[in-house]
Structure formats: structure tokens, C-alpha cells
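See below for the structure under consideration.
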Amino acid sequence: GAVVSQHPSWVICKSGTSVKIECRSLDFQATTMFWYRQFPKQSLMLMATSNEGSKATYEQGVEKDKFLINHASLTLSTLTVTSAHPEDSSFYICSASRPGGLMNTEAFFGQGTRLTVV
Amino acid sequence: DAKTTQPNSMESNEEEPVHLPCNHSTISGTDYIHWYRQLPSQGPEYVIHGLTSNVNNRMASLAIAEDRKSSTLILHRATLRDAAVYYCILGRQTGANNLFFGTGTRLTVIP
């Protein structure tokens with residue numbers, strides 16, 4: 001079964017509003033989670049690294065004030081798209097990996113959240 | 001980050017083996033080779049990974065060239081459920097999974 005869960009699976013919002021997406025690790029604690037964005041027919045693009053108890057690390061070109069990340073607990077990271085615009089419409093995906101295992105073990109991905117801004 | 005090169009698309013007949021190639025000529029000595037796949041409208045899922053030796057698991061096999069500059073993901077019997085985009089990714093950092101996805105190979109399985 002799924003070990004990383006996202007909510008909601010899809011959301012439609014009006015332009016100018018904010019949307020929060022949750023990413024939960026279900027059966028392990030994740031000090032680090034990752035957020036990706038995927039536009040239609042394109043590959044996944046890493047947006048940021050979410051660190052429990054500290055600030056997120058953003059990839060170049062990703063606006064930290066627009067994509068707010070909060071990793072307040074070891075099982076939950078949230079991504080808030082603030083003042084959303086139609087160009088923010090995309091498939092947002094999070095991932096996490098089990099701590100304490102072998103190096104470079106698998107990453108578990110959420111099922112994704114499809115955001116449509118109208 | 002070291003890049004990987006994959007064909008944009010491949011086709012396979014159902015129940016036949018599939019060999020998905022990946023070139024990674026700039027791979028470093030500590031890079032692991034990871035394969036993930038993404039079914040339509042879903043998040044990626046792990047397939048297999050390796051460092052130097054060939055690897056087998058219940059999903060697939062990974063054949064790694066001796067010089068590590070290329071690898072091949074082998075699906076032994078393609079099923080319709082294997083139709084997906086397959087990504088070959090080099091993992092630079094141990095213990096972390098900030099994966100940088102390339103364009104991947106879209107596998108179509110023909111019934």
C-alpha cells in the first residue's frame with residue numbers, strides 16, 4: 001500500500017486564492033521530503049526540499065514566497081501555492097524516503113495533486 | 001548533476017521482454033543508477049537501482065555496463081500494466097532522494 005499520501009488528489013481554485021497541499025508519510029518519519037511539479041507531457045521538476053523543523057531549500061528559479069513549504073512534523077509537509085494564477089496549474093508531487101536504511105534506497109512518491117487555477 | 005539520455009519512446013508486444021536503454025557517460029564513481037516509472041496521472045514508483053553489479057528484483061532486472069556509462073532496464077514479460085514513462089536517474093547524494101528527472105522513455109505495450 002501507499003506509504004506517502006497526498007491530499008487533495010485534485011483541486012480547482014480561483015485565480016488569486018491560495019491552495020494548500022498536504023504530503024504525509026504514513027508508516028515512517030521523514031525528516032526530509034521533496035516537492036516536484038510536472039506540467040503536461042513534461043518530466044518532473046524538483047521544486048524544493050522540505051526539512052523538518054527548518055526552512056525549506058528551494059531550487060533555482062522557484063519563488064519561495066509563492067510556494068510556501070511547512071514541515072512542522074516528521075510525518076507532514078505542506079505546500080501552499082499563494083496567489084495562484086492559471087500558469088500555476090500543474091501536477092504537484094511529493095516524495096520521501098525511509099530514514100536509517102541503506103544508502104540510496106527508494107523514494108516513495110505521493111499520488112500527486114492536480115491543481116487547476118481558473 | 002550528471003545527465004542521462006534515454007530514447008523518447010519505445011514499443012513492445014505484450015508478454016515479450018523489453019530492454020530500455022540509458023546512457024550516462026558522465027556518471028561519477030559514487031552515483032547510483034535508479035529507475036522509476038510513472039503511470040498516467042500517478043506519482044512515480046520505484047523500479048530498481050544499482051551501483052556496479054547487475055540487479056534483479058520482482059519487477060525487473062538492471063544490467064549495468066562494465067564502465068558504468070550505460071545501463072539497461074529489462075522487463076522480462078511486458079504486460080499492459082507496464083505501459084508508463086520510465087526514468088533513469090543518477091543519485092548523487094547518499095541518504096537523500098532529491099531526484100532530478102530527465103525526459104524518460106514512454107513505453108507502449110501492444111496487446
Side-chain angles (χ1 to χ4, degrees), chain A residues 1-7 9-10 21 23-25 28 30-51 56-60 62 69 90-116, chain B residues 1-9 22 27-53 55 57-60 62 64 68 71 73 84-106:
Chain A
V3 297
V4 174
S5 178
Q6 280 183 244
H7 178 81
S9 296
W10 59 271
I21 302 169
C23 178
R24 294 182 184 273
S25 56
F28 63 93
T31 55
T32 306
M33 292 183 177
F34 303 92
W35 287 97
Y36 297 80
R37 178 169 57 181
Q38 184 176 33
F39 292 109
K41 299 191 184 302
Q42 294 187 24
S43 187
L44 282 76
M45 185 194 78
L46 179 66
M47 299 176 66
T49 302
S50 174
N51 303 299
T57 305
Y58 291 83
E59 295 299 309
Q60 191 172 6
V62 178
I69 292 173
S90 188
F91 194 48
Y92 292 86
I93 308 167
C94 70
S95 78
S97 56
R98 296 182 190 277
L102 296 173
M103 294 182 186
N104 264 278
T105 53
E106 63 184 288
F108 296 96
F109 288 82
Q111 72 272 35
T113 298
R114 187 162 302 283
L115 169 64
T116 303
Chain B
D1 294 282
K3 287 190 65 176
T4 62
T5 304
Q6 300 177 253
N8 288 333
S9 62
C22 180
I27 190 170
S28 76
T30 56
D31 281 336
Y32 283 75
I33 302 159
H34 299 257
W35 284 82
Y36 285 78
R37 72 180 186 182
Q38 186 178 24
L39 279 65
S41 298
Q42 295 187 28
E45 65 173 344
Y46 169 82
V47 177
I48 201 166
H49 80 283
L51 183 62
T52 56
S53 302
V55 184
N57 66 20
R58 64 175 179 81
M59 287 183 71
L62 176 60
I64 301 172
R68 300 209 327 126
S71 61
L73 178 71
V85 179
Y86 286 79
Y87 296 99
C88 168
I89 306 166
L90 301 183
R92 235 171 228 281
Q93 295 185 24
T94 58
N97 287 105
N98 49 334
L99 302 172
F100 292 89
F101 286 76
T103 54
T105 297
R106 182 174 298 279

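Keep in mind the model is a prediction, meaning the values are calculated, not measured. Because only heavy atoms are used, hydrogens play no part in the values below, and waters and symmetry mates are left out as well, while side chains stay in. Chain letters run A, B, ... following the sequence lines, proteins first, then strands; residues in each count from 1.
Only the side chain of A/Glu59 comes within contact range of chain B, with heavy atoms under 4.5 Å apart. Using a 4.5 Å cut-off between heavy atoms, A/Ile93 contacts chain B through its side chain alone, with no backbone atom that close.
Between chain B and the residues A/Gly110, A/Cys94, A/Ser9, A/Ser43, the most heavy-atom pairs under 4.5 angstrom are made by A/Ser43.
Across all their heavy atoms, A/Phe91 and B/Gln42 have their closest contact at CE2-O, 3.7 Å.
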- Test log, rule side chain to side chain contact (heavy atoms under 4.5 Å, CB included), inputs B/Tyr36 and A/Glu106: CA-CA 9 Å; B/Tyr36 285 78; A/Glu106 63 184 288; 4.1 Å; yes
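Applying the 6.0 Å contact sphere to CZ of B/Arg68 captures more than 12 heavy atoms from other residues, nucleotides or ligands.
The distance from atom CZ of A/Phe34 to atom CG of B/Leu99, rounded to the nearest 0.5 Å, is 7.5 Å.
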